[in-house]
Amino acid sequence: MISGEAVWSVLSAAETVYVASGKKVLKYSPDSSTKEELVTKATGRTGNLRAPALRRGNALYIGYNQEMYDNFSH
């Protein structure tokens, strides 16, 4: 499990972070101005990084959204 400041370390290492939020996919470019919102969206109630979390190249995908993962084949 990844929690606390380690969550931001993981998120900020990516060029782009996609977070599944219901039927939507939110796209972030991690920097200090997006830190609070991004960490809130990417963590669950327990403060741990949501699952699944997948790194692909310089992008990080958090949470589950079928359309988000369907795009991997393109």
Side-chain angles (χ1 to χ4, degrees):
M1 286 187 265
I2 299 172
S3 61
E5 275 301 309
V7 170
W8 179 243
S9 294
V10 169
L11 297 172
S12 64
E15 186 175 302
T16 308
V17 178
Y18 299 93
V19 180
S21 180
K23 293 184 178 188
K24 298 184 295 184
V25 176
L26 307 173
K27 181 181 177 182
Y28 294 91
S29 296
D31 61 28
S32 59
S33 69
T34 61
K35 179 180 179 179
E36 187 175 330
E37 179 181 354
L38 180 53
V39 168
T40 299
K41 294 287 186 182
T43 56
R45 293 182 304 242
T46 61
N48 295 323
L49 188 63
R50 290 176 45 209
L54 174 70
R55 180 177 302 278
R56 186 169 189 219
N58 290 330
L60 187 61
Y61 299 84
I62 307 292
Y64 183 79
N65 176 291
Q66 185 62 48
E67 289 181 36
M68 181 170 72
Y69 290 106
D70 283 347
N71 290 327
F72 282 179
S73 61
H74 303 306

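In what follows, residues are counted from 1 in the order of the sequence shown.
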| Going by heavy atoms in the side chains, are Trp8 and Pro30 under 4.5 Å from each other? | yes

| request: Locate the shortest heavy-atom distance separating Ile62 from Ala42; write the atom from each residue and the value. | output: CG2-O, 3.8 Å

| field | Rounded distance [0.5 Å steps], NZ in Lys27 versus CG in Leu38 | value | 13.5 Å

| Among Glu37, Lys35, Glu36, Lys41, which residue meets the side-chain contact (heavy atoms from CB on, under 4.5 Å) test with Val39? | Lys35

| query | Side-chain contact, heavy-atom cut-off 4.5 Å: Ser33 with Asp31? | reply | yes

| request: Using modelled atom types only, decide if a donor and an acceptor are shared between the side chain of Arg50 and the backbone of Ala20 within a distance under 3.5 Å. | output: yes

| said: Please report the interatomic distance CE(Met68) to CG(Leu26), rounded to the nearest 0.5 Å. | reply: 10.0 Å

| query | Which atoms form the tightest heavy-atom contact between Leu11 and Val17, and what is the distance? | reply | O-CG2, 3.7 Å

| field | Between CG on residue Leu60 and CG on residue Leu54, distance to nearest 0.5 Å | value | 7.5 Å

| So which heavy atom on Ser12 is nearest to which on Ser9, and how close? | OG-O, 3.4 Å

| field | Hydrophobic cluster identity match, Tyr28 and Val10, side-chain contacts under 4.5 Å | value | yes

| query | Between Tyr64 and Tyr69, how do the two ring planes meet: parallel, tilted or perpendicular, split at 30° and 60°? | reply | parallel

| query | When clusters are formed by joining ILVMFWY residues with side-chain heavy atoms under 4.5 Å apart, either directly or through shared neighbours, do Tyr18 and Leu49 land in the same one? | reply | no

